[in-house]
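Residue numbers start from 1 in every chain, and the chains themselves are labelled A, B, ... in the order their sequence lines are given, proteins ahead of strands.
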Number of protein chains: 2
Amino acid sequence: MSRVQIAINHAESSCKARGAKLTNKRKQVLSGLLQSNKARSAYQLVDYCKDEFGETLPPMSVYRILDFLQDEHLVHKLKSANKYIACAHINCDHAHGVSQFLICNQCEVVKEITINKSTINGLQRNVEDAGFHLASPQLEINAVCDSCKNRAA
Amino acid sequence: MSRVQIAINHAESSCKARGAKLTNKRKQVLSGLLQSNKARSAYQLVDYCKDEFGETLPPMSVYRILDFLQDEHLVHKLKSANKYIACAHINCDHAHGVSQFLICNQCEVVKEITINKSTINGLQRNVEDAGFHLASPQLEINAVCDSCKNRAA
DNA sequence: CGAAATAATGATATGCTGTATCATTCTTGG
DNA sequence: CCAAGAATGATACAGCATATCATTATTTCG
Ligand SMILES: [Zn+2]
Ligand SMILES: [Zn+2]
Ligand SMILES: [Zn+2]
Ligand SMILES: [Zn+2]
């Protein structure tokens, strides 16, 4: 069974456990994100579903599906890119906290990580010192991946 | 002389020092950002210039002007909001490094800060451990300002 | 000064991202 | 089967941004 198929099956179970349904079209959109190590836009997913499944989803439906998938914690939105990516922990059963996203500015590959507690604490202290309160430590970090770094060298 | 006027004068000098010109329209757009403690979109600035100066700038021009102002380090773009904000150090003569932006998710007020070196180092270590290289520590942080926090309480 | 070059701005069209609204179809429970 | 609710579709529109070509303003230099 493919990596994507495994993730979709797992997602289907966890949806069911939460009383939600992972319909066919939702699976198609999710698979579009699971296929890719880069984030994809709603309209790119429209194209993907068309090309891959001959399914002509209206953009509105894709946005609704993306909302659903986010509610189910299967997908994250990258605000700085206006794109979406499958959760890296989609096969994990433990609830996952807030992640950070490393985005390669060369090849656009995205990696979801959890930076360590002490760094988050440091960040939070800085925010407090400035008279603000950290609402969410979800960060989208402008980086370069190893491959691109090596290619440049 | 108003706070805004002082900043504009300073900006004009620093542009001149760099061989660039802070034209009238560029001043108008910049003043639209200096007026506000929130970030503003290009189209909001079109409206501002129209209301404030009777100047009907086409959006294209505003975008060009914003690019110019960014090149001159007078303005920052918040990618997660698709909006622009005047640099908090616009009156400083020292070159400023990369900033972080605290964005209140209630009232949208924005504060430009510099988080401390050790936190940045911690962040950088985390990024390296994930097989990436930090390209820029500009962060846009989802936070709540003190006023909004107190208002909620 | 006046022509040529350069910089700045304008006009128009278009593309991408996202939402609002109302209609239709599908699924489910009684 | 039927009613209720969930999911999806259709259409329109708003906001952000860029591409391209035209025009105007400013500078440069003989
Ligand atoms: Zn995740
Ligand atoms: Zn890369
Ligand atoms: Zn700044
Ligand atoms: Zn606030």
Colleague: What is the separation between atom CG on B:L66 and atom C1' on D:dA17, rounded to the nearest whole Å?
Modeller: 11 Å
Colleague: Taking for each residue the nucleotide of DNA chain C with the nearest heavy atom, is it A:M60 or A:Q44 whose nucleotide lies nearer the 5' end?
Modeller: A:Q44
Colleague: Does D:dA17 have its OP1 or OP2 closer than 4.0 Å to a side-chain nitrogen or oxygen of B:Y63?
Modeller: yes
Colleague: Measure the acute angle between the ring planes of A:Y84 and A:Y63, then classify it against the limits of 30° and 60° as parallel, tilted or perpendicular.
Modeller: perpendicular
Colleague: Any chance you could lay out the salt bridge (Lys or Arg N to Asp or Glu O under 4.0 Å) test for B:E72 and B:R26, step after step, and finish with the verdict?
Modeller: CA-CA 11 Å; B:E72 295 298 316; B:R26 287 168 176 171; over 6 Å; no
Colleague: So, does B:S41 get its side chain near the phosphate of D:dC16, meaning an N or O under 4.0 Å from OP1 or OP2?
Modeller: yes
Colleague: With nearest nucleotides of DNA chain D determined for B:N82 and B:R64 from heavy-atom distances, which residue corresponds to the more 5′ nucleotide?
Modeller: B:N82
Colleague: Using a 4.0 Å cut-off to any heavy atom of chain B, which nucleotides of DNA chain C are the first and last in contact, reading 5' to 3'?
Modeller: C:dA8 to C:dA11
Colleague: Taking atom types as modelled and ignoring hydrogens, do the side chains of B:H76 and B:Q70 form a donor-acceptor contact shorter than 3.5 angstrom?
Modeller: no
Colleague: Is A:M1 isolated, or which residues cluster with it under the ILVMFWY side-chain rule of less than 4.5 Å, directly or via members?
Modeller: A:I6
Colleague: Of A:K77, A:R40, A:Q44, which meets side-chain contact (heavy atoms from CB on, under 4.5 Å) against A:K83?
Modeller: A:Q44
Colleague: Touch check for A:K77, heavy atoms < 4.0 angstrom, all strands: base, sugar-phosphate only, or nothing?
Modeller: sugar-phosphate
Colleague: So, A:N9 and A:Q5: side-chain donor and acceptor under 3.5 Å apart, yes or no?
Modeller: yes
Colleague: Is it the case that one hydrophobic cluster holds both A:F132 and B:I115, taking links as side-chain heavy atoms less than 4.5 Å apart, direct or via other members?
Modeller: yes
Colleague: Across the strands shown, which category fits B:K79 at heavy-atom distances under 4.0 angstrom: base, sugar-phosphate, nothing?
Modeller: nothing
Colleague: Under a 4.0 Å heavy-atom cut-off, which of residues 7-27 of chain B touch DNA chain D?
Modeller: B:K21
Colleague: Apply side chain to side chain contact (heavy atoms under 4.5 Å, CB included) to residues A:L123 and A:L139 and explain how you reach the verdict.
Modeller: CA-CA 11 Å; A:L123 184 66; A:L139 302 177; 4.0 Å; yes
Colleague: Just the rounded figure in Å: distance from P of D:dC16 to CG of B:L78.
Modeller: 13 Å
Colleague: Taking the side chain as C-beta and beyond, is there a heavy-atom pair between A:I85 and A:E112 under 4.5 Å?
Modeller: no
